[in-house]
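Okay, so here's the structure we're looking at.
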Amino acid sequence: MSEKKKRKKVVMIGPVYPYKGGIAYNCATMINSLKKRFNVKTVSYKMQYPKILFHQEQKDYSNSLFKIDDAQFLINTANPFNWITTARKIKKMRPDFIVIHWWHPYFAPCYGCLSFMLRKIPRIFICHNVFPHEHFPMQRFLAKFALKRGSAYITHSVSDAEDLKQIKSEPIFKAADLPVHNQYNLHHLTKEEGRKQAGIAPEKKILLFFGFVREYKGLRHIIKAMPEIVKYDPNIELWVVGEFRDDKESYMELIKNGGAESNIKIVDGYIPDNEIEKYFASCDIVVLPYESATQSGIVQMAYGFDKPVIVTDVGGIPEVVDEGKTGYIVPPKDHHALAEAVKKFYSEGNADEMTGYVRAEANRRSWDVMVDNIEELYEKAKRHEG
């Protein structure tokens with residue numbers, strides 16, 4: 001690697017510790033990967049969301065696994081005067097290019113204005129979603145306001161790339177799969193060790209639904225599938241691990257009246273980073289019965305633990321699943337199809353073979369490849385903008 005490349009300066013804008021959630025972890029891992037090749041400055045938020053918009057606790061100080069020691073918390077996303085000050089501070093850092101994490105239209109006024117004030121510096125948007133999973137007022141107008149001011153883009157699915165083309169003509173972009181999230185695999189627990197820590201009996205067969213519970217994630221459909229699954233094999237359990245963001249009572253009522261209550265276990269609440277491993281190590285397969293999505297980091301987390309997945313045919317999620325090898329793809333909102341996929345997984349008995357395919361897929365989706373993509377887009381944007 002040339003000395004010139006090592007000296008390039010990058011400013012990364014996005015959430016990092018103590019902010020919690022998959023995008024914060026993604027941002028931190030991307031920063032650490034970029035630091036192998038660039039001089040990286042991290043700019044995060046002094047205020048991410050106003051409480052009126054985001055009622056849950058936004059920060060978690062209990063685990064500093066993804067802490068970026070030199071991060072600067074500069075941005076108040078609701079204060080235009082702060083945006084001017086922040087833009088001036090970023091200019092003084094003299095970056096060669098800027099990387100901005102985008103996932104929600106709320107950030108459009110802030111990011112759009114920052115991008116305009118920093119328009120002489122190439123700006124690469126990492127689009128976790130071009131449009132949000134759930135409808136947001138004026139989402140198309142807001143996304144266009146912010147994203148049209150970018151120089152280049154990374155999307156995590158072909159469907160997101162198509163959305164991007166709707167709001168900016170002929171963008172410089174790359175549809176690059178999310179890298180595998182293996183940073184949670186801290187102790188490389190065996191299935192037996194994970195189950196001992198999680199309190200799961202060794203003879204059980206475990207399906208895992210992991211992450212924030214939102215309506216679009218389709219938890220209701222796998223709950224409805226459980227009576228059929230349990231009839232096939234009463235040792236199969238569904239573990240729902242994550243914080244309920246929607247009406248928990250309605251889910252509990254559905255479980256109670258569904259006929260498989262004793263085979264559905266709920267671990268409600270935010271799961272700290274160092275607690276994630278035991279649940280993924282314990283399970284046989286990860287289930288994502290989403291009703292809608294662009295992509296999901298949960299698939300990449302599952303792959304990081306060598307676990308196959310059952311996903312629905314929505315958005316870009318099927319793009320990262322090799323049918324019958326790394327997982328199964330079923331129609332959305334179809335609990336019978338979910339049940340059939342679970343039965344197929346256990347009846348065919350090829351879990352070890354699927355694990356091999358998952359490992360091969362994980363090796364192909366590395367963070368080094370993502371850094372290559374970012375550098376390639378920077379060079380293209382620099383040439384395009386002169």
Side-chain angles (χ1 to χ4, degrees), residues 1 10 12-17 19-38 40 42 65-68 97-103 124-130 133 152-161 164 173-186 188 210-211 273 276-277 280-281 286 288 290 293-309 311 315-322 325-327 354-379:
M1 186 184 301
V10 184
M12 175 77 76
I13 298 176
V16 294
Y17 169 92
Y19 290 104
K20 61 184 183 179
I23 293 174
Y25 309 147
N26 179 287
C27 185
T29 307
M30 188 177 292
I31 289 165
N32 289 327
S33 300
L34 283 167
K35 281 184 174 181
K36 298 175 184 177
R37 199 175 303 180
F38 302 106
V40 183
T42 303
L65 177 63
F66 295 100
K67 184 178 181 181
I68 303 297
F97 64 99
I98 300 167
V99 178
I100 305 171
H101 286 260
W102 166 268
W103 71 97
I124 300 173
F125 277 86
I126 307 295
C127 298
H128 298 272
N129 309 294
V130 172
H133 293 301
Y153 310 83
I154 285 180
T155 68
H156 292 318
S157 68
V158 173
S159 60
D160 249 354
L164 176 64
F173 79 97
K174 195 170 188 70
D177 297 329
L178 273 170
V180 166
H181 297 341
N182 54 14
Q183 62 267 38
Y184 303 97
N185 201 348
L186 301 174
H188 301 281
F210 185 87
D273 303 334
I276 290 173
E277 181 177 7
F280 278 89
V286 179
L288 294 86
Y290 289 16
T294 51
Q295 44 75 31
S296 174
I298 303 300
V299 174
Q300 314 305 332
M301 289 177 67
Y303 287 173
F305 287 97
D306 298 336
K307 302 296 180 178
V309 295
V311 305
I317 293 180
E319 297 170 21
V320 297
V321 179
D322 193 346
K325 294 183 177 179
T326 64
M354 294 184 81
T355 295
Y357 285 119
V358 169
R359 286 175 180 164
E361 188 71 8
N363 291 334
R364 192 171 70 85
R365 301 177 189 278
S366 72
W367 282 98
D368 288 339
V369 172
M370 179 59 71
V371 174
D372 290 340
N373 291 333
I374 290 172
E375 184 170 24
E376 177 187 335
L377 286 172
Y378 157 64
E379 296 293 346

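Worth saying up front: this structure is predicted, and the values here are computed from it rather than measured. Each residue takes its place number in the sequence, starting with 1. Just so it is clear, the values below take in all heavy atoms, side chains as well, and ignore hydrogens, waters and symmetry mates.
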If you compare all heavy atoms of [X] against all heavy atoms of [Y], which two are closest, and at what distance to 0.1 Å?
X      : Y      : answer
Ala302 : Val309 : CB-CG1, 3.6 Å
Pro318 : Gly315 : CD-O, 3.6 Å
Ser157 : Ala175 : O-CB, 4.2 Å
Ile23  : Pro15  : CG2-CG, 3.9 Å
Asn26  : His101 : OD1-CE1, 3.6 Å
Ser159 : Gly316 : OG-N, 3.5 Å

Enter the distance from [X]:[atom1] to [Y]:[atom2] here, rounded to the nearest 0.5 Å.
X      : Y      : atom1 : atom2 : value
Asp306 : Thr326 : CG    : OG1   : 12.0 Å
His188 : Glu277 : NE2   : CD    : 7.5 Å
Met354 : Glu361 : CE    : CD    : 12.0 Å
Ile100 : Met12  : CD1   : CE    : 10.5 Å
His156 : Ile126 : NE2   : CD1   : 6.0 Å
Cys27  : Ile68  : SG    : CD1   : 7.5 Å

Begin from the C-alpha positions of Val286 and Val299 and carry the test side-chain contact (heavy atoms from CB on, under 4.5 Å) through to its verdict. CA-CA 8 Å; Val286 179; Val299 174; over 6 Å; no
Any Lys/Arg nitrogen of Asp368 or Arg37 sitting under 4.0 Å from an Asp/Glu carboxylate oxygen of the other? no
Are any of the side-chain heavy atoms of [X] and [Y] separated by less than 4.5 Å?
X      : Y      : answer
Lys20  : Asp273 : no
Phe38  : Ile374 : no
Val321 : Tyr303 : yes
Met301 : Ile276 : yes

Over 60° means perpendicular and under 30° means parallel, so tell me whether His128 and Trp103 are parallel, tilted or perpendicular. perpendicular
Please determine whether side-chain contact (heavy atoms from CB on, under 4.5 Å) holds for the pair Gln300 and Val320, giving the CA-CA distance in whole Å, both sets of side-chain angles, and the decisive distance to 0.1 Å. CA-CA 9 Å; Gln300 314 305 332; Val320 297; 4.0 Å; yes
Look only at the side chain of Trp367 and the backbone of Met30, and say whether a donor-acceptor pair between them is shorter than 3.5 Å. no
Side-chain donor or acceptor of Glu319 paired with backbone N/O of Val158 under 3.5 Å: yes
Within 6.0 angstrom of Lys35 NZ, more than 12 heavy atoms from elsewhere: yes
One pair to check against side-chain contact (heavy atoms from CB on, under 4.5 Å): Tyr357 and Asp322. What are the steps and the verdict? CA-CA 9 Å; Tyr357 285 119; Asp322 193 346; 5.7 Å; no
Run the ring-centre check on Tyr184 versus Phe66 and record whether the distance is less than 6.0 Å. yes
Under the ring pair (Phe, Tyr, Trp, His ring centres under 6.0 Å) rule, collect the residues that match up with Phe125, sequence neighbours excluded. none
Tell me every residue that passes side chain to side chain contact (heavy atoms under 4.5 Å, CB included) with Tyr378, counting only those two or more places apart in sequence or in another chain. Lys8, Asp96, Phe97, Pro122, Ile124, Lys382
